[in-house]
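Every chain is numbered from 1, with letters handed out A, B, ... down the list of sequences. Since the model is a prediction, treat every value here as computed from it, not as a measurement.
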Amino acid sequence: MTLHELISTRVAAALAAVGVPDAPAAVAPASRPEFGDYQANGVMGAAKKLKQNPRELAGKVIDALDLAGIASKIEIAGPGFINITLDDGFLAAQVARQHGDVRLGAGTDVMQKVVIDYSSPNLAKEMHVGHLRSTIIGDALARVLRFMGHEVIAQNHVGDWGTQFGMLTAYLVEREEDGSDDMLALDDLEGFYRAAKLRFDEDEAFATRARDYVVKLQSGDVRVRALWERFLDISLTHCEAVYARLGVQLTRDDVMGESAYNDDLAPVVADLKAKGLVTESEGAQVVFLDEFKNKDGEPQAYIVQKQDGGFLYSTSDLAAARYRADKLKADRALYVVDARQGLHFQQVFTVARKAGFVPADMQLEHVAFGTMMGEDGKPFKTRSGGVVKLAELLAEAEQRAFDLVSSKNPDLDEATRRQIARVVGIGAVKYADLSKHRTSDYVFDWNTMLSFEGNTAPYLQYAYTRIASIFRQAGEFDAHAAIRITEPAEHQLALQLAQFPELLQQVAADTCPHFLCAYLYQLATKFSRFYEACPVLKSEGDVRASRLALCAATAKTLSTGLGLLGIEVLEAM
RNA sequence: GCGCCCGUAGCUCAACCGGAUAGAGCAACGGCCUUCUAAGCCGUAGGUUACAGGUUCGAUUCCUGUCGGGUGCGCCA
């Protein structure tokens, strides 16, 4: 049970004891240090219901409130707040117990099977900044849920199907016939795509061949299919290089592209028809949804099959939803996809439920995120207006970090500085993204991100290296020695550590990694204050042992927390 | 036209089913390195939470309207 749950339970019991059993306890971390550690705000609402004086009711609640051995101080404040200060001994024990647990006390009681659809790049092109958010938000959520004990099934729903692959395979053949080194050309997927598109637009014969290749690909022509597979292999290799550099855990086993659902598309439409959900309209097969209105105020059309018989992503998304329910047996399915597809997913979810493709108790959630903007407030582009390749973005991050490391620590050898730069640079990019609320558009700014000061990944990494440095000089010590809290800075640090489980619960429930970032930033800040106020190595005996144990718990929580964001820590920087 | 999201300090962002004096970082100014890494710590200054109403003990949060921005809405994904 988390601290928050524990206190909520006790306050709720006290409220019940004074005659308001259904009143929410409304327990929250205290908004200010002078209000203690937690505050219960439920009394005011309850008093209203009972038409009683809130401060009087608060008094009764406090009399009934059993926090023996948990709180050292309980006070009424303001119009009826109950401020709770936790007992130092209790807090110390809580930190110790958590530190001894492999899940740091955050293991879940209710294990779920969670499908997470994320990254999902279009394999026709090279990965660009547009794929960054889905990839790292999804990766962070996957790590958090796994850490808590859930079973996570990653699904990389890559774009590996459609007309563009006819064009690309046709161009691949042409290059080979020219005797060009296609592997060389494919080294620059983006350039290859542009060149193919140019041929397609300019040469009618080529365009015809490309369309022919689409047909052949879809009818299972062996030669075109082999070309297509080769193309996908190369493209996936590019993705894997980016994943490796980013430290994202996706592998080929997680790839479940659009093409994987090909054989399911016709049956999906047939099933929809059988259930009477489909209407033919202007030659297309359409599901009309009363839940959504179109521009004329009529039920919105959701096309599942084009008039030429072709299927759309609306169809494959339905097939995927069914697969995740039937085959994967998911309890919860997360779609880490751009917020602009919000309406689309509402439609997918609605149709999937109406058709019985997913059971009523399976959670379907669109984990929407906003757009990455440039400093001009417009979608992030290169100076010339092109897309920014992810590989280039990461290279720049590492280079900028290298320059900074070199200026801060010129004595380190280059290999070490490169290594630090890699961890710091990549961490900074990821943290800058993950620390923002995912639903909002955010401005990508090198200067803010790589100032490496304040609320950035390097600040957190730096806090960790300071602890690591202490350990190097401490000699032998017991990381699990008894913690004895005496200083305010120790109390604040221990409290923060003890809140790790409830924080992770929030991240998992709301699929918001930025909660974890904010938490870790707070943790690092509280550690830094402790570091300034409480000498560790200079102290002696039990105090020294206790502070070393606090350091150990902090280091563990910082590295674990950053690890859940997909960010590494360093022993020195 | 309708739907969804947003508008918070000069800039970038927070604010946990409505809670106390709206918090951080950057930038600005002022302190702290014979003491565990100063990528740090402490302090000062900075706000009519776009605007106008409403709901209530209490509103950045909920409701209505206005203005401003973004995005989406039948055969791309």
Whole-Å [atom1] distance, [N] and [M]:
N     : M     : atom1 : answer
B:G23 : B:A14 : C1'   : 7 Å
B:G3  : B:U48 : P     : 32 Å
B:C4  : B:C41 : C1'   : 44 Å
B:C62 : B:U56 : C1'   : 11 Å
B:C63 : B:G7  : P     : 14 Å
B:C26 : B:A59 : C1'   : 30 Å
B:A39 : B:C33 : P     : 15 Å
B:A52 : B:A77 : P     : 47 Å

Which residue lies more 5' along RNA chain B, comparing A:Gln341 with A:Asp510 via nearest heavy atoms: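 The residue whose closest nucleotide sits nearer the 5' end is A:Asp510.
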
### Query
Taking the six-membered ring where the residue is Trp, are the ring centres of A:Tyr213 and A:Phe165 under 6.0 Å apart?
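No.
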
side-chain N/O A:Lys408 vs B:U37 OP1/OP2, d < 4.0 Å:
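Checking A:Lys408 against B:U37: no side-chain N or O falls below 4.0 Å of OP1 or OP2.
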
_Quick check on B:A14: is either OP1 or OP2 less than 4.0 Å from any side-chain nitrogen or oxygen of A:Ser440?_
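Affirmative; the distance criterion is met.
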
Report which part of the nucleic acid [X] touches: base, sugar-phosphate, or nothing (heavy-atom distance under 4.0 Å, all strands).
X        : result
A:Gln307 : base
A:Arg32  : base
A:Val536 : base
A:Ser469 : base

Could you go step by step and tell me if A:Tyr261 and A:Asp317 meet the side-chain hydrogen bond (donor to acceptor under 3.5 Å, both in side chains) rule? CA-CA 9 Å; A:Tyr261 301 101; A:Asp317 275 347; over 6 Å; no

| query | Between A:His437 and A:Thr439, is a side-chain hydrogen bond (donor to acceptor under 3.5 Å, both in side chains) present by the stated rule, with each step listed? | reply | CA-CA 6 Å; A:His437 195 109; A:Thr439 55; 3.2 Å; yes

Rounded to whole angstroms, how far apart are [atom1] on [X] and [atom2] on [N]?
X        : N     : atom1 : atom2 : value
A:Met573 : B:U37 : CE    : P     : 14 Å
A:Leu460 : B:U37 : CG    : P     : 19 Å
A:Leu343 : B:U71 : CG    : P     : 16 Å
A:Glu532 : B:G43 : CD    : P     : 12 Å
A:Leu289 : B:C73 : CG    : P     : 15 Å
A:Glu258 : B:A77 : CD    : P     : 7 Å

Quiz item: cation-pi between A:Arg466 and A:Tyr531, 6.0 Å / 45° =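 Output yes; distance and angle both within limits.
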
A:Lys526 side, atom NZ; A:Gln492 side, atom CD - distance, nearest 0.5 Å
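Reported value, rounded in 0.5 Å steps: 5.0 Å.
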
Please check: side-chain N/O of A:Ser134 versus main-chain N/O of A:Val336, any donor-acceptor pairing under 3.5 Å?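 Pair found, side chain donor or acceptor close to backbone of A:Val336.
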
task = Would you please enumerate the stems RNA chain B participates in, each stem being three or more consecutive Watson-Crick or G-U wobble pairs with both distances under 3.5 Å?
result =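 The stems are B:1-5 with B:69-73, B:10-13 with B:23-26, B:28-32 with B:40-44, B:50-54 with B:62-66.
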
Heavy atoms within less than 4.0 Å of RNA chain B: which residues of residues 421-437 of chain A have one? Give them sorted by number.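 Under 4.0 Å from RNA chain B: A:Lys436, A:His437.
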
